[in-house]
Structures are given as structure tokens and as C-alpha cells.
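Everything below concerns the one structure shown next.
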Amino acid sequence: MRVPLSWLREYVDLPADVTARELATKLTLAGLEVETVDELGADLTGPLVFGRVLEIEELEGFKKPIRHCKVDVGQANGTGEPQEIVCGARNFSEGDLVVVVLPGGVLPGGFNIGARKTYGRMSAGMICSATELGLWEDHAGIVVLPEGFGAVGEDAIGPLGLREDVLDIAVTPDRGYALSMRGVARDTAALYGVELRDPAGLDVAAPAGEGHPATVDPAVCDRYVLRGVTGFDPDAPSPLWMKRRLAHSGVRPVSLAVDVTNYVMLELGQPLHAWDRDRLKGALRVRRAAQGEKLETLDHVQRVLDTDDIVIADETGPVNIAGVMGGLTTEISLTSTSVLIEAGHFEAMHIARSSRRHQLSSESSRRFERGIDSAAQAVAATRAVELLAELGGARVEEGYTHIDESAARGPITLRATHPGDVAGVDYPEGTARTWLERIGCAVRGDGDDAVLEVTPPTWRPDLTDPNDLAEEVIRFEGYENIPSIPPRAPAGRGLTPSQRLRRTLGRVLADTGYNEVLSYPFVGEADLDGLQLEEDDARRVSLRLANPLNEREPLLRTTLLPGLFKALARNVGRGFTDVALFETGLVYRPRPGATRAPLLPVDRGPSAEELRQIDAAVPDQPRRVGAVLAGSAERAGWWGPGRPATWADAIQAARDIARTAGVELEVEADRHAPWHPGRCAALYVRVDGERLLVGHAGELHPRTVKAFALPERTCAMEVELDRIERARGGDTAPTVSTYPVATQDVALVVDESVPVGAVGDALAEGAGELLESVRLFDVYTGEQVGEGRKSAAFTLRFRAEDRTLTAEEAGAARDAAVALAAERTGAALRG
């Protein structure tokens, strides 16, 4: 909301020495965040004066029309002689009152004005347009002022309001009242302890007859006012003061009828709509749209309506999407002489959903969805028709339509000391009552120990419970006056084992070349399709957000992979060919049969049954670690050739995670989307003797690579960290032996279908307690081992804690390991 300071001062007697920046600071501390203070016209310098066009000479022989003018600027030029100015505009005549900047002046934007010869004539100054003066965007020509606006030769900067301080306020969703001059003025008056001249304080006479016929659905509209005027002059211009205020508030002036509705909306916060009444057919009806109904809105878009949309309809069908945008068929035109003004109070949630559904965020919908004054409709409509009569020569019809289905608001009960209890501050007696009455509440009850009955005003629909009222008292008393007392952390509490593990994992993965990313936890059906998931895959069972940030991603993720894939594609698209990324985060897996959590009241704690229902509705949220890598795992250079990243690197990342957690990872070939069926590994850990699946790793399926626009042969890994933690033992220091190691190498030939991991597992089990580690260092296929066979070479390290092993002991352990591998996998010693 943009608030011109001069307009604000019409409703509030601010002290003369209060600057815009001082007011901005005070409003921000009270909860209305002023983002910027625009000092319009600060770079404008004179002489800028009123002038009278005396003579116009049309210059010929040029590609565009050019006029040489003589303009009376009085004594502003120091001589009293007419000023000679060359101008290309065509919208003024001899005798018109215009605005002239003389040589030496500077217009907004640093445009210096001087005297120079152009088009063969001397031009000393400029006749100014609204755009050049910074008033509003208008390229139709120069500004022609009404008679009596100013005297020739007098300074024009002040009367035109070219220097103005404008506060730009970021209005939060709960403070819809601040989207109006009236609302900001009310808070300002309360802060400075001065009286408010309420612009809504009009005396509205009861209707002296029937207005335009209308009916409403009370479920979607509880108050509806229609007021009409006849004899309106469609050629009547909007006055300069109105156009200037609209422009300063960020609204483009259009025509008098439209400008009046926008002006009243900015002034009172009540959106209005103006119809050409001659284009309406019969009575109006406020209702929900029928499924499939269509309406062409003012932006020339044919829209298919939803049953959740509120529409205004006549006998021909919908003519408005209520609170969002009007229809094209009843638009005010340049020939409209009979105007019907609408002011309604529509159900806020319907307006919010319609605005998002049709992707139409208008000034009207922004106010309706935040909540407007439920009693300002008659005042706003009356203010609008009176302006049309005053400025456009219209006649106001005394009969009008006023449908009131609203219910009176009940009181809210709170202790007078409640705001102080919430803030932790002892406020003086009567503080709560004082501030609540200043913002318009009706308060019953006295004394600091009293229980107050507070009835919020109609313009504050956001005040619904005691804590809302406490917030009002606290913000006017000053958030900055609440003492900052940081809690004292008890000694002896550090990071939990789980937190320490996550931090260690991050360091380990970073040390091995991975960069951490944080992805939004939202996915869409297209992402799940890109993962090549079957229809019955458990990862397709997901929670749908009621109000997603992006309609294409309305689901909470059930896997980390889509976010990692998008981050990888984004980095590759920016020229990074060798990329390794990882992410640690939660995924969301709905429980079978889960229902929606109950909406709890705020005046008491939840019951045991309510807590049970909430817990049942909350999805399982296991913590996972995912990684994705593409390009080179080792870059080429003077040190030698590089090495591309393969499925083995993805598995190694999982092994690093398990090793960091102190867990042994078991790897087994598997088929699992989105990995390549021949290059996918299932990852297991053992928990209390039970083999537990913790994730998968390998090379991605080509169709997944194509769906996410990834580099060829991209590899990925995802493991469930919670399950790995369950497999952890206690944090014990490793045993370090002082005796030397005995190393034995074995090369075993097995069938090509036998997993090398199974051979290694058999060696480890057969070697017994003396084995310290087993490591694969070579895999060979070729003529020497025969077709369909492969050779796997392992290094076995043996060590005893209490002695140096003899060659016989190491050899015996080696033979036992080979024997078990032969028994289980059919392995034979090579050579």
C-alpha cells in the first residue's frame, strides 16, 4: 500500500515537524512495515511556472508536426516578455493554461532544461507533459490546466504537488485494514494520540425508493449495496488532484468513472465496481457459478468458471467474477451515461481461491481475501456516486439497493492484564482499555484485575481471540520496549548423537568431492513419472498440499531424488560438467488409513484424543541422504588421464556414509526404479541379526536421464539414515594393535554372474577373528580365465592383538577363507 503523506494529513493532524521517515519508523515498530519512503520530486528544481499560451505557429517541412509557441510566463523569466518554446504536442490551443519549465530547471530523472535553437527557431524552455513532470504516465500530450488553477508566472511545484513523500507499506495478510488510507490513518492517529477524521464518517440517508433489483446468496455475500446515477458526462475528465493521488498510490488513471471507484477503494478500503447500467439485462443475482459457465473478463480472456467462484449474474448469465474482475460486456465505455456502483462484502476464502484459480490478483481481490470492513458498503457506494455527481455532472438516484444479511459480532473476553502477561511486561493500569478503544473496539469493564468484554470494530475482522487483542496492545506500547532476556541454556547439553552423525556425514561427503544442496520438498506427478515408478509403487502415495506454491508441484516428496536431479540439471546447464551433489533431508510417507488432523482451538491445550488424532494424521518422516554425480570423478591433467563417475562411485558414497556411522554395508544386485536394471545395487545393514534394506545406488535408467535432462550415465544413491542409525552400536574407541600386519593376496575365479560382493563376504566370514580387512583390488575377464568367467583379486589383512602372526597362522586363515568362498560361490584359486 502506497501512502502519500499529504493525503494522510487530511485525516490526521500530525505534528508539523514529523517527517515521512520518522512516521515510517514509528509505523514499522507498530507492525506496519514501511519498505521504502519515496521522495518524489526530490530531484526537481525550478523555475517551473504556470504559463498562458499566447500564439501558436505551425512549422512545416518536417517529418512530424512542430509548433513554435509564445507563452506568457509573467516575470518568471526576468523580462516579462513572452517565452519562445518549440513543442511537438497537439492537445493544446491558444489561451490554454500550461506548465512551463524555464532554462536552468531540472525535471525528474535529471533532465536539464536550457535554451537552444531547434527546427530553425529558438526554444527557451519546455511546455511539460504529465510524464515529464512525474505526475502519472500519460503520452497523449502536455498538461492543460483548468482555469483558475494558478496565476501566470507563479511557481507550479507546490500547487501541482510535484514534491511528495510516499510511504510504501508491505501489508501482511492479517492486516487487510491497512490497504486503505483510512486504516493507515487510524493507526497513525492512535500512535500520535490525535483525533482521526474518519473518511467513512458520511451520513448515508436511507433509500427513498427501490434501486436496481438484486438478490444474494447469504453464504457467500452478507451485505450488498447498489447505487446508481444518471446523466453522467462520460467526457468529464478526472480532476488533477485525483489523478495525482491515484498515481502516487500506484494506480494508473483511466477515466472519471473508473478513477472514482479506485479512489474510494484506496480511501476506504472497500473495492467497488462500476457498470454501464444500460448494458445490464434485468435483476442482478449474487451466487456461485454453475460448472462450465464462461465469462470474458475485462482483460479479454475467456474464463471457464468453477462452482467455487462467486459471480454477479443478470438474465444473460455471469457479468462479474465477484471481488476479482468484471466482465467485458458490461464495461464502462466512453459513451456510458447511466452508471451503477456495486459495493459488496463477499466471503474472503472464495475470493482468495478464485483469484489463484484464475491467476488474477487484482487490487480488489487483495483486499477481499484479507478481510474488509463489513459495514462500509453503503458509505463507499454513496461516496462514489457523490463524486460522480460533483465531478461528472451526474444525478444521484435517491432510491438504492441495500441487502443486509450480516450478523453482529460478539464480544471477546480477556483479562485486563493479559497483554502484559503475554509480553512479560507490567503495563500500567488501563493500558489495554486505552489502546483497544483507540483502534475502535467497544470495551466494557474497569480496573486492572477486571475481565474486559471487547467487541472489535467491523473493519478489524482479524481480531477474533484474546491473543489478537493482546497483540494490538503490545504493538502500540512498542515491541522495542519488551526487554530482550535470552534464555540461559543449561550446562552439559550439546548435540545429540544423531545431530553429530549428520554433521560428520556432511563433512565426509564434502571431503570426498560432494557439494551440499537444499531442495524444496515439493514434487509433481511429472517428477514421479520421470522416475519410472510403477502405478502401485509406494513412492506414489504422497500428501497433497492444500495451497501449493506451484500448481505443478503440489505433493510432498517421498524421495530426495527429484530435487537432486533438478539441481544437477541446473548446474550442468550453467556450464559445470563435473558435478557431485548431496542432500540430507526428510521425506514424507503417509500412513495407511490416515485422516485429516483436527483443527484445534487456541483457548486450551489439546486433549489426549486430539493428540492421538494429530499423531495419526502426521506422516512418517524418515531422514534420508541422497547423492547424484555426473561427469568425471577424477579429472584429467598432467598427472594422467581422468576417470568418469560410475555406479561404483555412487555405491562408495553409500559405503562412506555407513562407515562413518560405524555400520557394515552389504551390497547386492537389484532392480529398482529409477536405476538401470543391470547397474543397480540394493544396500543392506543388519539390525539384531535381521537384514534391513536401507537404500539403493547405481547408474540411472536412460529414460529417467532423459526425463530430467541429465547427462548420460548419471549415477545416484539414496539411503535411509534412520535405519543406518538403528544399526549403530555404541560409540567405542577402536582397538589398536601394536603388532605387525600379515598381508595375503588371493585371486579367485568365479562364474560371471556371481556378485563380487558375495565372494568378499565369504572370504571375510571364513578368515575368522584374525582378519582385519578384506579389499577388492582387481577384476579381470578374458581368455586366461575362460568365457563366462571372471577373476576377482582381494587383499586380506591379518593381525592379532597379543602376538606377531606366523606365516603358518596367516596361511591357515587364508586357506580357510578360500575354502568357504569355494563352498558358497564355486570360486577356485586362479593359477
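Here the closest non-hydrogen pair linking Val260 and Ala384 is CG1-O, 3.5 Å. Taking each heavy atom of Gly440 and Pro457 in turn, the nearest pair found is O-CB, 3.5 Å. In terms of heavy-atom proximity, Leu611 sits nearest to Pro606 at CD2-CG, 3.6 Å. Looking at every heavy atom in both residues, Pro554 comes nearest to Arg544 through CG-NH1, 3.3 Å. The two residues His402 and Val225 have their closest heavy-atom pair at CD2-CG2, 3.5 Å. Considering every non-hydrogen atom in both Ala432 and Leu452, the closest pair reads CB-CD1, 4.3 Å.
Side-chain contact, Tyr588 with Arg557: no donor N or O sits under 3.5 Å from an acceptor N or O. In this model, no donor atom of one side chain and acceptor atom of the other lie less than 3.5 Å apart for Thr584 and Arg502. For the residue pair Glu342/Tyr224, the side-chain donor-acceptor check at 3.5 Å is satisfied. Between the side chains of Ser498 and Glu725, at least one donor N or O lies within less than 3.5 Å of an accepting N or O. Residues Ser519 and Glu583 have side chains that bring a donor and an acceptor to within less than 3.5 angstrom of each other. The closest side-chain donor-acceptor pair between Thr595 and Gln613, if any, does not fall under 3.5 angstrom. Judged by distance alone, the side chains of Glu472 and Trp435 never bring a donor and an acceptor atom under 3.5 Å apart. Side-chain polar atoms of His358 and Asp309 form a donor-acceptor pair below 3.5 angstrom.
Atom-to-atom distance recorded for Met325:CE and Ser365:OG is 8.5 Å, nearest 0.5 angstrom. Between the CD atom in Gln377 and the CG atom in Leu272 there is a gap of 9.5 Å [rounded to 0.5 Å]. Remark: Thr330 OG1 to Leu280 CG distance equals 5.5 Å, nearest 0.5 Å. Atom CZ of Phe476 is separated from atom CG of Leu29 by 12.0 Å, given to the nearest 0.5 angstrom. Rounding to the nearest 0.5 Å places CD of Glu471 at 7.5 Å from CD1 of Ile474.
Judged by distance alone, with hydrogens and angles left aside, the side-chain atoms of Gln359 form no donor-acceptor pair with the main-chain N or O of Arg356 at under 3.5 Å. Thr704 contributes no side-chain N or O that, together with a main-chain N or O of Leu700, makes up a donor-acceptor pair within less than 3.5 Å. With Thr28 contributing its side chain and Val34 its backbone, the two residues share a donor-acceptor pair below 3.5 Å. Between the side chain of Glu369 and the main chain of Gly176, no donor-acceptor pair closer than 3.5 Å is present. Between the Arg503 side chain and the Gln499 main chain, no donor and acceptor come within less than 3.5 Å of each other. At distances below 3.5 Å, at least one donor-acceptor pair connects side-chain atoms of Glu718 with backbone N or O atoms of Leu560. Side chain of Glu293 to backbone of Ala290: a donor-acceptor contact under 3.5 angstrom is found. Panel note: side chain Asp306, backbone Asp308; a donor-acceptor pair is recorded below 3.5 Å.
Summarising the local packing, CZ of Arg596 is surrounded by 12 or fewer heavy atoms from other residues, nucleotides or ligands at distances under 6.0 Å. The neighbour count for Gln291 CD, taken as heavy atoms of other residues, nucleotides or ligands under 6.0 Å away, is above 12. Enclosure of atom CZ in Arg539 by more than 12 non-hydrogen atoms of other residues, nucleotides or ligands within 6.0 angstrom is indicated. Annotation for Phe576: atom CZ does not count as buried by contact number, only 12 or fewer foreign heavy atoms lying within 6.0 Å. More than 12 heavy atoms of other residues, nucleotides or ligands lie within 6.0 Å of CZ in Arg357, so this atom counts as buried by the packing criterion.
Side-chain atoms of Cys221 and Glu347, non-hydrogen and from C-beta on, never get closer than 4.5 Å to each other. You'll find the side chain of Arg303 reaches within 4.5 Å of the side chain of Leu360, heavy atoms only. You'll find the side chain of Asp259 reaches within 4.5 Å of the side chain of Leu246, heavy atoms only. Two residues are said to be in side-chain contact when any heavy atoms from C-beta on lie closer than 4.5 Å; His350 and Arg288 meet this criterion. When side chains are defined from C-beta on, Glu331 does not count as touching Thr329, because their heavy atoms never get closer than 4.5 Å. At least one side-chain heavy atom of His418 sits less than 4.5 Å from a side-chain heavy atom of Asn467. For the pair Leu268 and Pro199, the minimum side-chain heavy-atom distance is below 4.5 Å. Here the side chains of Val517 and Leu564 are in contact, with some heavy-atom distance below 4.5 Å.
Between Trp275 and His273, the ring-plane angle classifies as perpendicular under the 30° and 60° cut-offs. Between Tyr263 and Trp7, the angle of the ring planes stays under 30°, which puts this pair in the parallel group of the 30/60° scheme.
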Check your understanding: Could you go step by step and tell me if Leu531 and Thr559 meet the side chain to side chain contact (heavy atoms under 4.5 Å, CB included) rule?
Key -> CA-CA 10 Å; Leu531 294 177; Thr559 169; 3.8 Å; yes
Exercise for review: Take Arg223 and Asp404 through the test salt bridge (Lys or Arg N to Asp or Glu O under 4.0 Å) and record every step on the way to the result.
Suggested key: CA-CA 5 Å; Arg223 196 185 291 263; Asp404 185 3; 3.3 Å; yes
Review point. After noting the C-alpha distance and the side-chain angles of Val579 and Leu629, does the key distance pass the side chain to side chain contact (heavy atoms under 4.5 Å, CB included) rule?
Key: CA-CA 6 Å; Val579 184; Leu629 61 161; over 6 Å; no
Practice item. Show your reasoning for whether side chain to side chain contact (heavy atoms under 4.5 Å, CB included) applies to Val37 and Asp168. Key: CA-CA 6 Å; Val37 176; Asp168 194 348; over 6 Å; no
Exercise for review: Please lay out, stage by stage, how Ile310 and Ile321 fare under the test side chain to side chain contact (heavy atoms under 4.5 Å, CB included).
Suggested key: CA-CA 6 Å; Ile310 306 173; Ile321 302 177; over 6 Å; no
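Aromatic pair His696/Trp675: centroids less than 6.0 angstrom apart. The aromatic ring centres of Trp459 and Tyr177 sit 6.0 Å or more apart.
For the pair Asp187 and Arg475, the salt-bridge criterion is met [side-chain N within less than 4.0 Å of a carboxylate O]. No salt bridge links Arg624 with Asp722; every basic N to acidic carboxylate O contact stays at or beyond 4.0 Å. Using a 4.0 Å cut-off between charged nitrogen and carboxylate oxygen, Glu267 and Arg182 do not count as a salt-bridge pair. Salt bridge annotation for Arg2-Glu35: absent, with no cationic side-chain nitrogen under 4.0 angstrom from a carboxylate oxygen.
With His345 as the fixed residue, the side chain to side chain donor-acceptor pair (under 3.5 Å) test singles out one of Asp373, Thr458, Asp222: Asp222. For the side-chain contact (heavy atoms from CB on, under 4.5 Å) with Arg370, the qualifying choice from Leu179, Asp174, Thr172 is Leu179, the only one to do so.
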